[in-house]
Number of protein chains: 2
Amino acid sequence: MGRPKQFDPDVAVERAMGVFWRKGYAATTPQDLVDEIGIGKGSLYNAFGSKHALFELALARYRDSQAEWLEALLDHPGSAKDRLRGALEALVELDLGDPDRRGCMAVNTAAESALADAETADTVRKMFARTESAFRATVEEGQRAGEIDGDRDAAALAAWLLATVIGMRVLAKTAKDATRLRRIVDAAMGSL
Amino acid sequence: MGRPKQFDPDVAVERAMGVFWRKGYAATTPQDLVDEIGIGKGSLYNAFGSKHALFELALARYRDSQAEWLEALLDHPGSAKDRLRGALEALVELDLGDPDRRGCMAVNTAAESALADAETADTVRKMFARTESAFRATVEEGQRAGEIDGDRDAAALAAWLLATVIGMRVLAKTAKDATRLRRIVDAAMGSL
DNA sequence: CAGATTTTTGAACTACAGGTACAAAATTAG
DNA sequence: CTAATTTTGTACCTGTAGTTCAAAAATCTG
């Protein structure tokens with residue numbers, strides 16, 4: 001079976017994710033990656049093929065972990081409104097607690113590359129759609145429970161929550177204090 | 001007084017803005033810039049000093065034109081709510097009408113660079129603050145006119161409008177159809 | 001027109017991005 | 001042990017990023 005890998009590819013992807021997340025795709029060099037992962041260039045290219053292929057893996061990993069994190073939050077016990085508020089607040093704290101202010105990797109990728117690469121664009125689109133679905137399900141639960149006005153368009157509310165979250169995560173990257181972000185959560189929840 | 005410039009620096013900055021906007025900072029090369037501007041590399045560096053200095057000029061130009069555009073929209077006659085809706089709708093149409101799907105250059109810059117460069121971060125921060133102020137003034141007019149509930153926190157509503165707009169502009173970069181964006185406008189305005 | 005001043009042009013230069021080639025080393029199947 | 005397979009580190013290569021420079025060209029001064 002040949003010589004086994006001396007590094008864990010999963011760990012490597014995770015570290016690569018960290019670098020791409022912090023610096024963006026274009027500004028990340030192969031040198032950055034090997035420095036962070038702690039393997040040689042030969043191993044890197046043998047294992048992953050190209051910078052872009054590794055980026056795709058890193059982005060997919062980000063998508064999965066982020067989506068699961070958010071879905072778990074929305075799946076908590078409690079009222080739908082409380083769960084939505086809890087999720088938004090957790091996101092704010094997550095972003096503000098990051099010393100590197102990396103924001104959301106999917107948002108960053110959308111802003112940096114847009115439609116430059118079809119596969120990347122698709123991954124980002126799917127991630128947004130998945131977040132929107134999770135919001136929509138929670139909004140509909142709230143409507144069934146009578147907490148949220150049933151006359152309002154659940155799809156529209158979910159899309160708007162998605163936009164709010166994306167906006168907050170961009171703002172978190174340059175925010176100097178937390179008050180604006182906390183205000184946004186309050187205003188959004190007050191509008192539900 | 002020496003040989004006069006054979007190109008208009010203002011036009012050059014405007015064209016540079018277009019390239020940076022479309023490709024992002026890191027992915028834009030000096031070659032891209034000279035190709036687009038139509039001058040030699042020597043002239044470029046003689047006139048602007050560095051890629052980064054030119055980017056700052058381009059970003060400042062974007063900030064001014066964008067802010068004036070939005071402020072003019074919000075300054076139209078009509079009710080405050082109508083003006084807010086009109087501004088959001090105009091932004092959506094602007095973004096969807098761009099074949100390159102460049103979104104908002106300030107948002108893209110925030111996502112790509114964050115705090116990497118202090119001056120850039122500051123320009124972006126100020127642009128966000130200016131947009132927020134314009135929203136806030138309009139919201140307060142609406143409150144004085146009785147269109148918007150005076151008990152709600154105008155600062156919070158303005159911040160939340162800002163986040164909504166930023167989110168929409170990110171979504172516009174990957175959106176395949178316009179319905180989601182139009183829904184967001186409806187949901188946001190329905191919540192005011 | 002000579003000279004001063006400023007810009008243009010195009011070539012040149014350094015460093016590094018991104019990736020390939022290869023031989024030595026490690027591992028396992030038989 | 002040997003053969004086969006895979007990894008690894010190093011060296012290497014091509015192209016270009018980002019910038020600088022020398023010399024030519026254009027304008028103004030007197």
Side-chain angles (χ1 to χ4, degrees), chain A residues 1-60 108-109 112-113 116-120, chain B residues 1-61 105 108-109 112-113 116-120:
Chain A
M1 291 286 274
R3 175 175 175 176
K5 278 191 169 54
Q6 305 217 307
F7 64 95
D8 182 339
D10 278 354
V11 171
V13 170
E14 185 126 359
R15 295 204 176 157
M17 180 185 83
V19 184
F20 282 127
W21 191 356
R22 177 158 36 84
K23 309 192 64 170
Y25 177 75
T28 297
T29 71
Q31 194 57 48
D32 292 330
L33 292 167
V34 301
D35 287 348
E36 178 74 25
I37 298 174
I39 61 178
K41 254 197 224 182
S43 301
L44 185 82
Y45 277 88
N46 173 60
F48 300 110
S50 71
K51 174 184 165 183
H52 191 265
L54 178 53
F55 176 75
E56 281 294 337
L57 292 175
L59 184 60
N108 298 351
T109 302
E112 180 179 355
S113 328
D117 175 68
E119 189 180 354
T120 301
Chain B
M1 292 289 274
R3 179 173 174 173
K5 275 194 169 55
Q6 307 217 311
F7 64 96
D8 181 340
D10 278 355
V11 171
V13 170
E14 185 127 359
R15 294 203 176 159
M17 180 185 82
V19 183
F20 282 127
W21 192 355
R22 177 158 35 82
K23 308 192 65 170
Y25 177 74
T28 296
T29 72
Q31 194 58 47
D32 292 331
L33 292 168
V34 302
D35 287 350
E36 179 74 23
I37 298 174
I39 61 177
K41 263 194 216 179
S43 303
L44 184 82
Y45 277 87
N46 173 60
F48 301 109
S50 72
K51 173 184 166 184
H52 190 265
L54 178 53
F55 176 75
E56 281 293 339
L57 292 175
L59 184 60
R61 154 92 39 128
M105 187 177 175
N108 298 351
T109 301
E112 180 179 355
S113 327
D117 174 68
E119 190 180 354
T120 302

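Model, not experiment: these values are computed from the prediction. Quick note on labels: first sequence line is chain A, next is B, and so on, each numbered from 1.
Here the C1' atom of nucleotide C:dT8 and the CZ atom of B:F48 are 14 Å apart, to the nearest Å. Rounded to an integer number of Å, the gap from CG of B:D35 to P of D:dG18 is 14 Å. At whole-Å resolution of the value, NE2 in A:H52 and P in C:dG19 are 10 Å apart. Taking atom CD1 on A:I37 and atom C1' on D:dG9, their separation rounds to 16 Å, with Å as the unit. Per the geometry, CG belonging to B:L44 stands 10 Å off P belonging to D:dT19, to the nearest Å.
Across all strands shown, A:F7 has heavy atoms under 4.0 Å from sugar-phosphate atoms exclusively, and none from any base.
When each of D:dT19, C:dT8, C:dG18 is scored by its nearest atom to the side-chain atoms of A:P30, the top-ranked nucleotide is C:dG18. In the set D:dT7, C:dA17, D:dA17, the nucleotide with an atom closest to the side chain of A:N46 is D:dT7. Comparing C:dA17, D:dG18, C:dG19 against the side chain of A:Q31 picks out C:dA17 as the nearest.
In this model, the phosphate group of C:dT7 is not approached by any side-chain N or O of B:S43 to a distance below 4.0 Å at OP1 or OP2. Contact between the side-chain N/O atoms of B:Y45 and the OP1/OP2 oxygens of D:dT20 is not found at any separation under 4.0 Å.
Taking only distance into account, the side chain of B:K41 never meets the base of C:dG10 through a donor-acceptor pair shorter than 3.5 Å.
When side chains are defined from C-beta on, A:E14 does not count as touching A:D8, because their heavy atoms never get closer than 4.5 Å.
With sequence neighbours excluded, the residues that form a salt bridge (charged side-chain N to carboxylate O under 4.0 Å, His left out) with A:K23 are A:D32.
Although no hydrogens or angles enter the test, the distance criterion places no donor-acceptor pair under 3.5 Å between the side chain of A:E36 and the main chain of A:G18. Looking only at distances, no side-chain donor or acceptor of A:E112 sits under 3.5 Å from a matching main-chain atom of B:G24.
Along DNA chain C, the nucleotide nearest to A:T29 and the one nearest to A:G42 differ in position, and the one closer to the 5' end is contacted by A:T29.
Applying the side chain to side chain contact (heavy atoms under 4.5 Å, CB included) test between A:L54 and each of A:L33, A:T28, A:L59 identifies A:L33 as the sole match.
Taking the centre and axis of the six-membered ring of B:F20, the NZ or CZ atom of B:K51 falls outside the cone set by 45° and 6.0 Å.
To the nearest 0.5 angstrom, B:R15 atom CZ is 12.5 Å from B:D10 atom CG.
Taking a 4.0 Å limit (strictly below) on heavy-atom distances, residues 13-28 of chain A reaches DNA chain C at A:T28.
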